[in-house]
There are 2 protein chains.
Amino acid sequence: MPSPAPDASAPADSTPARLVRAAHEVVCEVGLAGTSARAIAQRAGVNQALIFYHFGTVSELLEAASDAAITASIDHYRAAFDGADSLDELVAVARSLQARERTIGNVTYMAQMLSGAQSDPVLARAARSAIVTWSTEVRRVLDRILGNGPLAGLVDPRGLAHLVSAGFIGIELYDIADPDGAAAAVDTLESIGRLVDVLDDLGPVARRALKARTDRSTRTKLRQRTVTR
Amino acid sequence: MPSPAPDASAPADSTPARLVRAAHEVVCEVGLAGTSARAIAQRAGVNQALIFYHFGTVSELLEAASDAAITASIDHYRAAFDGADSLDELVAVARSLQARERTIGNVTYMAQMLSGAQSDPVLARAARSAIVTWSTEVRRVLDRILGNGPLAGLVDPRGLAHLVSAGFIGIELYDIADPDGAAAAVDTLESIGRLVDVLDDLGPVARRALKARTDRSTRTKLRQRTVTR
DNA sequence: GTCTATAAGATGATAGAC
DNA sequence: GTCTATCATCTTATAGAC
């Protein structure tokens with residue numbers, strides 16, 4: 001590694017920065033299968049050998065591009081996240097976020113990293129880092145919004161954060177092959193968010209009723225499960 | 001390692017059948033990036049040239065393997081699907097299905113097809129076919145279970161089917177990089193299913209209240225959105 | 001149908017001139 | 001830091017013997 005680490009803080013027109021940008025574009029447009037050192041270099045308008053000079057391997061360049069995209073996105077949306085005060089508003093933010101990320105291609109990029117993780121440990125590391133960063137952020141917001149609503153005790157915020165993230169990934173992959181189906185999925189997610197929001201807005205009496213009911217149901221299911229085993 | 005049991009309507013030990021099985025295994029183990037004609041042929045114990053003789057291209061072999069896996073899985077689970085009478089039971093079936101599909105690798109396989117769809121039209125066709133087949137099946141079950149519950153009018157079954165399918169894909173991809181996070185997501189999905197089940201089990205009075213409340217909320221949000229625009 | 005051999009090209013990565 | 005040129009290897013796919 002003859003060069004300094006993936007410096008995203010470098011001049012916007014430096015060769016490393018150009019390569020990072022080009023790598024992101026190529027992966028989003030043709031997927032991991034269509035990505036190569038030559039394709040990225042050509043897009044960046046530089047020589048192919050510079051990838052290895054600056055990043056060591058192609059995978060490490062892809063990792064740097066992943067890190068840069070994640071931090072840029074989170075910085076961009078942190079304000080909107082912090083401004084959301086209800087689940088419904090959060091879903092609205094999520095929708096706008098998804099629309100933006102889609103045009104930028106970040107979710108696609110992450111999906112490609114995840115699929116490449118199966119055969120490339122460097123991409124696996126990039127994907128894991130992206131997951132941790134995103135779900136930590138999502139969880140932070142969910143913790144605040146669900147805070148002391150009736151759902152707080154019923155749903156695990158950490159699991160929900162992962163579920164939401166995984167849902168985004170899945171929907172984006174879905175969108176590659178079936179845009180209409182993906183759109184329908186997003187619409188449904190939005191209507192569910194609205195529904196849950198109503199639920200979260202119930203008065204204390206209804207809350208207690210719901211909680212009692214859920215607990216009873218849970219116990220029943222568990223008993224049934226134990227018996228049938 | 002259990003076989004995917006992709007019965008390609010040919011003798012189970014014919015070369016095409018062996019290739020289909022081998023293709024499935026290789027993609028699941030090393031991902032699309034690590035998959036090649038040679039890798040598949042070696043796994044099948046036959047010569048590489050036979051892939052092109054029997055299937056034309058590697059992509060078409062992968063497509064055949066996808067189709068075989070999907071139909072085999074759906075056949076295997078149709079009975080369990082039809083036996084589920086509540087959302088909670090459906091989630092239980094889904095969980096057992098996911099456990100099985102994970103060891104077999106079908107969801108992983110589909111995720112890889114989806115990610116490859118971005119640069120390969122044949123894989124895109126395979127992925128699209130898989131999506132249509134699965135979401136049609138899921139929708140059929142959801143239509144029956146949500147039937148005339150209070151959620152029937154509030155959530156679009158088609159969108160929900162796609163959302164569930166996309167969720168599975170996302171979770172499986174997630175699992176490659178972060179197994180703990182994926183497990184937490186599945187747990188949360190299960191608890192949500194239980195919660196919704198309770199909701200779906202409410203009496204008519206509560207139903208009307210919920211519906212009125214949801215409608216009101218929807219109108220409000222729409223008005224807010226119109227105003228702010 | 002199955003094999004060997006090989007074509008024709010793309011790939012990651014390196015050496016060395018400037 | 002950036003380039004040209006190149007290597008060794010891998011890829012899909014085909015030709016032709018059996």
Side-chain angles (χ1 to χ4, degrees), chain A residues 1-23 26-27 29-65 112-113 116 118-126, chain B residues 8-23 26-27 29-65 112-113 116 118-124 126:
Chain A
M1 342 297 177
S3 162
D7 36 348
S9 57
D13 222 48
S14 66
T15 295
R18 292 172 63 88
L19 283 171
V20 164
R21 220 178 310 133
V26 170
V27 168
E29 283 170 26
V30 296
L32 217 50
T35 298
S36 70
R38 285 170 168 80
I40 296 172
Q42 186 181 13
R43 168 67 64 112
V46 302
N47 189 274
Q48 177 238 154
L50 291 179
I51 288 175
F52 304 97
Y53 175 77
H54 286 290
F55 297 93
T57 65
V58 175
S59 296
E60 284 168 298
L61 166 56
L62 298 182
E63 184 185 19
Q112 295 291 327
M113 289 298 103
Q118 207 145 29
S119 60
D120 186 329
V122 176
L123 298 191
R125 191 176 57 198
Chain B
S9 72
D13 222 47
S14 66
T15 295
R18 291 172 65 88
L19 283 171
V20 164
R21 220 178 308 135
V26 170
V27 169
E29 283 169 26
V30 296
L32 216 50
T35 299
S36 70
R38 283 173 162 79
I40 296 172
Q42 186 180 13
R43 168 67 64 112
V46 302
N47 190 275
Q48 176 239 156
L50 291 179
I51 288 175
F52 304 96
Y53 175 78
H54 286 290
F55 296 92
T57 65
V58 174
S59 296
E60 284 168 297
L61 166 56
L62 298 182
E63 184 185 18
Q112 294 291 328
M113 291 298 103
Q118 206 144 29
S119 60
D120 186 330
V122 176
L123 299 190

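Because only heavy atoms are used, hydrogens play no part in the values below, and waters and symmetry mates are left out as well, while side chains stay in.
- For the residue pair I40(B) and V26(B), the shortest heavy atom distance occurs at CA-CG2, 4.1 Å.
- Checking the phosphate oxygens (OP1, OP2) of dT2(C), a side-chain nitrogen or oxygen of T15(B) falls inside 4.0 Å.
- R43(B) places no side-chain N or O within 3.5 Å of a backbone atom of A22(B) that could act as its donor or acceptor partner.
- Between the side chain of R21(A) and the main chain of A12(A), a donor-acceptor pair closer than 3.5 Å is present.
- Note: L19(A) CG to H54(A) NE2 = 6.5 Å, rounded to the nearest 0.5 Å.
- Taking atom NE2 of residue H54(B) and atom C1' of nucleotide dA13(D), one finds them 15 Å apart after rounding to whole Å.
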Please list, for nucleotides 4-7 of chain D, all pairs of protein and nucleotide N/O atoms separated by less than 3.5 Å.
residue : atom : partner : partner atom : Å
dT4(D)  : OP2  : N47(A)  : ND2          : 3.2

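- The side chain of S36(A) contributes an N or O atom lying less than 4.0 Å from OP1 or OP2 of dT11(C).
- Between I51(A) atom CD1 and Y53(A) atom OH the span is 14.5 Å, to the nearest 0.5 Å.
- Here the nucleotide nearest the side chain of V46(A), chosen from dC3(D), dT2(C), dA13(D), is dC3(D).
- The CD1-P distance, from I51(A) to dT14(C), rounds to 13 Å in whole Å.
- Atom CG of L19(A) and atom C1' of dC3(D) are 14 Å apart (whole Å).
- Counting to the nearest Å, the P atom of dT11(D) and the CD atom of Q42(B) are 11 Å from each other.
- For the pair F52(B) CZ and dA8(C) P, the interatomic distance rounds to 16 Å; values are reported in whole Å.
- Atom CG in L32(A) sits roughly 19 Å away from atom P in dA10(C) (whole-Å rounding).
- Checking side-chain atoms of Q48(B) against main-chain N and O of A41(B) turns up no donor-acceptor pair under 3.5 Å.
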